[in-house]
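To keep things clear, I will list the structure first and then write my remarks on it.
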4 protein chains.
Amino acid sequence: MAGSVFGKIFRISTWGESHGKGIGVVIDGCPAGLSLCEEDIQPYLDRRKPGRNEFATPRSESDTAEILSGVFEGVTTGTPISIAIMNKTQRSGDYSEIAQVYRPGHADYTFDQKYGIRDYRGGGRSSGRETAARVAAGAVAAKLLGEMGIAVNAYTLSIGDIRADVQNGDIALALSDPLCMPDSGASRRAQEYLRGLREKGDSAGGVVECVIKGIPAGLGETVFDKYDARLAQAVMSIGAVKGVEIGAGFEAAGKCGTEDNDPFLISADGTVTKGSNNSGGILGGMSDGISPVVVRAAFKATPSVSAAQRTVDKDGAEREIRIKGRHDPVIVPRAVVVVEAMAALVTADLLLENMAARLDGIKRFYTR
Amino acid sequence: MAGSVFGKIFRISTWGESHGKGIGVVIDGCPAGLSLCEEDIQPYLDRRKPGRNEFATPRSESDTAEILSGVFEGVTTGTPISIAIMNKTQRSGDYSEIAQVYRPGHADYTFDQKYGIRDYRGGGRSSGRETAARVAAGAVAAKLLGEMGIAVNAYTLSIGDIRADVQNGDIALALSDPLCMPDSGASRRAQEYLRGLREKGDSAGGVVECVIKGIPAGLGETVFDKYDARLAQAVMSIGAVKGVEIGAGFEAAGKCGTEDNDPFLISADGTVTKGSNNSGGILGGMSDGISPVVVRAAFKATPSVSAAQRTVDKDGAEREIRIKGRHDPVIVPRAVVVVEAMAALVTADLLLENMAARLDGIKRFYTR
Amino acid sequence: MAGSVFGKIFRISTWGESHGKGIGVVIDGCPAGLSLCEEDIQPYLDRRKPGRNEFATPRSESDTAEILSGVFEGVTTGTPISIAIMNKTQRSGDYSEIAQVYRPGHADYTFDQKYGIRDYRGGGRSSGRETAARVAAGAVAAKLLGEMGIAVNAYTLSIGDIRADVQNGDIALALSDPLCMPDSGASRRAQEYLRGLREKGDSAGGVVECVIKGIPAGLGETVFDKYDARLAQAVMSIGAVKGVEIGAGFEAAGKCGTEDNDPFLISADGTVTKGSNNSGGILGGMSDGISPVVVRAAFKATPSVSAAQRTVDKDGAEREIRIKGRHDPVIVPRAVVVVEAMAALVTADLLLENMAARLDGIKRFYTR
Amino acid sequence: MAGSVFGKIFRISTWGESHGKGIGVVIDGCPAGLSLCEEDIQPYLDRRKPGRNEFATPRSESDTAEILSGVFEGVTTGTPISIAIMNKTQRSGDYSEIAQVYRPGHADYTFDQKYGIRDYRGGGRSSGRETAARVAAGAVAAKLLGEMGIAVNAYTLSIGDIRADVQNGDIALALSDPLCMPDSGASRRAQEYLRGLREKGDSAGGVVECVIKGIPAGLGETVFDKYDARLAQAVMSIGAVKGVEIGAGFEAAGKCGTEDNDPFLISADGTVTKGSNNSGGILGGMSDGISPVVVRAAFKATPSVSAAQRTVDKDGAEREIRIKGRHDPVIVPRAVVVVEAMAALVTADLLLENMAARLDGIKRFYTR
């Protein structure tokens, strides 16, 4: 129950600290019969990997995933899939300051308050490195979803106040853009902005948008386990996320009912469609099977800044801290794939959960 | 797993439809020894009750809670607390249109897609009436939290574009304000705005803010069960919510690290305090025990509008619909106590979960 | 988490005390589309009802089930099914002794130790009356299983040392036999035995056997959620059960491998069959789809005996107690349907859980 | 949900196959502040290790545990503890027969039926090797329980029909006895019996008894999560277990109420005690805090026998099989520590769960 287990049917259990022996995940509940190998996972990890460009921490980690179980002759067997990413650089650097002085905006203080002990090396369990295990699991979920014709894609929507023009942008562009923006003009402006902040020892936040396409109607459970509610937990659980939106999100609060309601229409081929997608593809907590699901996450600025900050130490004295070393001036581009992973995990779980919804479906399943 | 169960230790299971025999909740996991009677629950239900003023649907329901189990001689026994709210008015009105024609912005279409059957009377299980069961359970959680010195308070922050001045407002005022705003000037302007919309057969949305005070440090589990992540699921699971924020929320995405980081300070009495609360009282997913937890929810406009809307029916034909009857022109004021209830449920659950975090605490507990 | 919730997909939450307002259950996760009405549930409750003959407590309770939600026009909607059984006789008898003096073999002492408070009227939550809620839920599970061609049948295998000859008996007979035995000769001897015990103010125990037929292969999850493991929890959770067996059970411990292993054979029609069923229809925790699942439960004697017993009271003084009133001289016949209900609940849950096991099944499900 | 996750607060997730890269476990929910190192775990694994004497399979595996996370400077941090046991001998032997022909009494057939694919090398996930991960986790649970003064000890009660005299035996003896019996006379007879069986290519079963001492009163949750119910699931989930008993177990079914009820007494020092322990330390599903908890598990004979057996192959043809290689002639002695591990895991989980039972305890906990 301590918080590192996620999902109900497609369930994952993650482990590991920033500067321990490694990190990893055990997936229990991945269906049998899925082709899977390390090459399916590595591209996802590479998108999260540090050191890819000037806007990411230069820590050198290959982040190589190894599948330890659950796959036989290249195919999943329905048994737990254990994936380990061993740390290459367990820097035994000088952690005397971080061990004593609480960094503002970080989890140092609350970890000590809750547990009375903390692996302070590189942030320990609260390091962003923890998300590599989510990404590895998310890659498996995405592979499963791909088999069902479901695609999950995220990108950087904004950094600071600089917002990408997604309407006229190209989502595919985001995969190669250094800031994962689907708008190269906005990306260039954001890069300038980040260079300026870095010079001042400061950092920026931003917004990630994630779009899920090809979802059948009816995913999500009514009341507490609505698709949007599960996405909200999944995305808010990523460190540094301070807000989550579905569809029109906070803008919906300012709209009238006649503006916000998406009209249902009949398309040329006779299927049901919608005139707009303010709902973000979800009504009453269930996917409508018509429009893509759209979720957005607001990330705060990287709290590790080299500018001087006021804080306190373990002994209750006020201190000034300047965080040393080079840190990500913005976490957003590396977080894009983390949002994608969490959305894939939720969607895979609900896809499996939904199979039990109707007696006719159950009968059809068992009378093949 | 179907979605009407919430929580891990303080766990609730809700049931009921809008126009069925009633609605209710079973709470499994409320600690023994809590004084509890119907009078503790009723004031919460009254805040959600329809028909209180011109801005709420005039349906006449007393919403009277009855405790059926789990309380003996006025005190909880640790066994399940069953609370029922029987429906007084099971209107056997004319539902032929709602049975056939999918209302835009409602769950009619997705319910049919998922289950193939739907209690369409008054929205059935997807009616806002479902939230009465949450509020009843939330009242019990709030009573428990009160015993621990924890207070959960929500209010209307904005309706449409009209925002309350909370800084100079009076939270207590919200309890008597017809729109639950802590700023009577803003409330008057919002009332005008709503009257105008109602005349046009339209509706409005808004934002609810909830503040939790008196929380010990360390509530919330790291990684997936962070306090903010659990709040996000809880609040997003309320029908019509399209966005959730913690602390600075989406504004944090536009701030620099040096602006957003809350400095730690030592207060006059030697305890640790903070210079600001952009984090919303949560760091690394755990309460800091210093600042209140602040969560906001964006509600879309009530989808039931009497203006004409385009839609389709069960037979796949395009239709025009005008939703009859008087509906809430805005759901926000009645939703305030629902947000409060969900925040209380999450907080109570994490309060209990946190007890297992440390060996020294466990030893102290068992060696009384 | 407090213990009154059971199941993962087909999940139930029970509530109620022996002499409170009533007892009941909420089922979350029953698939939509199942025909269901009170008449489906009542026959199950009638089999558990007190006062049916001289071997059951004469308490007069009609045990009438009322469905409060989740069923629309006679069909389940996929939303929670709330079933209430209101108590008719909330005897306000004299409970001063039971409130003070701990009855041996009962839960009075441990309830006080755990919770510090206890509804002592009629045993409160630890009363056998709690099982009526399980039976109501089990009736719904059995209806669902019936739709899939799965039948769950239990009967009394033995009372004291008197064992029914099941091989030559008639299972159908058990439904009308006063002791639910499928062997009228054994039943007559057991009735004599029970009359003798009752005269001495004593009571008897016995064994219930339950057979589940028509199960597809593959139900049950490997490792911790094996079919047999889930049955073991389900059956051991019934008050007074002290042992659970699958197939050859404890006898298997004395057999050699060559005796115990069930040979696989090819039957005349070319399908796989088995030469014996020592395994009780389960191998590696999964149903084999060939043989019935066989589970047995050992019930201790009713602890309520009128003979004098040594015990202690709340104040720590030794006392002698003679339990007044007429009690079941044996609980076994009334427990038969409870075992059946628990087996049905486990089987229904695993039936739904199993649908997510294989990618080919998932693909077939979604590409109808 | 697929079955390799166990526990609620002290929750484990196991992985690995017999002849894959390794096996392991992630523990989420172990409290912070527990001293822990590999040396705490290894002795438990050594008790389960193959090749210790003539009665165990001679496979050469060092079964060395490595802690990969969750421990910092020798102390648990409250974050997930990942333990890996890498396989040394991934024998690439000839598995053509086991891949094609279903071994009676094994899970080969049901695995294929459920998943359509199976890692057949050495039994894959259904191998007894899976239990090493349970034992590693159980060692951590046992260390935690030890800190609380709770001791869990198991031993071989019987092999075939040869039963140890536990009353006059010495439990400590079991740790050094080759069959883990606390009675050297019975052990010698059992050894003779096993040698005889082995010559005939046959195998034996037996019974393991486990005693848990030092438990506070009140562990276990009423209704479905009773201490005995959780133990029953835990123990029945071990491969080859066909029956579980608590206290007097199946014998209780033959006893009268006056025989079976354990009288409460006041001991010389004024505390409550009991005159017998037929209940096995549990009343109403909760530990009484007076007597040890006693649980017994019946193990069937090792299904791997070298004598000829009738069976079928994947293509639906009848076959004769003789299982090659040297196998354990009895699994019981190696299973003793597995039962101990499962009992420790359940007890640790319920110890933590119980902390939330009472308001006065919660208040005391938070107002230190």
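Just so you know, these numbers come straight off a predicted model, no measurement behind them. Letters go in sequence order (proteins before strands), and every chain restarts at 1.
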Check whether any side-chain heavy atom of D/Tyr102 sits under 4.5 Å from a side-chain heavy atom of C/Val272, and report yes or no.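 Of all side-chain heavy-atom pairs linking C/Val272 with D/Tyr102, none is under 4.5 Å.
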
Should the pair C/Glu251-D/Lys242 be classified as a salt bridge under the 4.0 Å nitrogen-to-oxygen rule?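 Salt bridge: no.
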
Can you tell me which portion of C/Asn278 sits under 4.5 Å from chain D's heavy atoms? Options are side chain, backbone, both or neither.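 Contact with chain D: backbone only.
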
Given a strict heavy-atom distance threshold of 4.5 Å, which part of C/Leu265 is in contact with chain D: side chain, backbone, both, or neither?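 Both parts, backbone and side chain.
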
Taking everything shown except D/Asp161 itself, do over 12 heavy atoms lie less than 6.0 Å from its CG?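 Open.
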
Side chain, backbone, both or neither of [X] within contact of chain C (heavy atoms, under 4.5 Å):
| X | answer |
| --- | --- |
| D/Asp262 | backbone |
| D/Arg134 | side chain |
| D/Thr131 | neither |
| D/Ile282 | backbone |
| D/Tyr227 | neither |
| D/Val5 | backbone |
| D/Ser4 | both |
| D/Asp112 | backbone |

Working to the nearest 0.5 Å, report the span between [atom1] of [X] and [atom2] of [Y].
| X | Y | atom1 | atom2 | result |
| --- | --- | --- | --- | --- |
| C/Met286 | D/Tyr115 | CE | OH | 6.0 Å |
| C/Asp228 | D/Gln233 | CG | CD | 10.5 Å |
| C/Asp260 | D/Asp202 | CG | CG | 10.5 Å |
| D/Asp360 | C/Ile117 | CG | CD1 | 10.5 Å |

With respect to chain C, which residue among [options] yields the maximal number of heavy-atom pairs within a distance under 4.5 Å?
| options | value |
| --- | --- |
| D/Ser158, D/Gly3, D/Gly205, D/Ala107 | D/Gly3 |
| D/Val295, D/Ile266, D/Val312 | D/Ile266 |
| D/Pro104, D/Ala297, D/Ala356 | D/Pro104 |
| D/Lys226, D/Met236, D/Arg230 | D/Met236 |
| D/Ser304, D/Pro329, D/Cys256, D/Gly270 | D/Cys256 |
| D/Pro303, D/Ala317, D/Ala204 | D/Pro303 |

Looking at [options], which one has more heavy-atom pairs under 4.5 Å with chain D than the rest?
| options | value |
| --- | --- |
| C/Asp225, C/Val223, C/Val241 | C/Val223 |
| C/Gly201, C/Gly289, C/Ser279, C/Ala308 | C/Ser279 |
| C/Gly275, C/Gly257, C/Gly284, C/Ala301 | C/Gly257 |
| C/Gly247, C/Ala248, C/Gly116 | C/Gly116 |
| C/Gly160, C/Ala2, C/Ala240 | C/Ala2 |

Contact summary for [X] and [Y], nearest pair of heavy atoms:
| X | Y | answer |
| --- | --- | --- |
| D/Phe250 | C/Ala298 | CD2-CB, 3.5 Å |
| D/Arg358 | C/Lys114 | CD-O, 2.7 Å |
| C/Ile12 | D/Phe224 | CD1-CZ, 3.7 Å |

Only one of D/Gln309, D/Lys300, D/Arg310, D/His106 forms a side-chain hydrogen bond (donor to acceptor under 3.5 Å, both in side chains) with C/Asn261, so which one is it?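 When side-chain hydrogen bond (donor to acceptor under 3.5 Å, both in side chains) is applied between C/Asn261 and each of D/Gln309, D/Lys300, D/Arg310, D/His106, only D/Gln309 qualifies.
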
Quick one: does any side-chain atom of D/Thr110 pair with a main-chain N or O of C/Leu283 as donor and acceptor, under 3.5 Å?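 Yes: the side chain of D/Thr110 pairs with the backbone of C/Leu283.
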
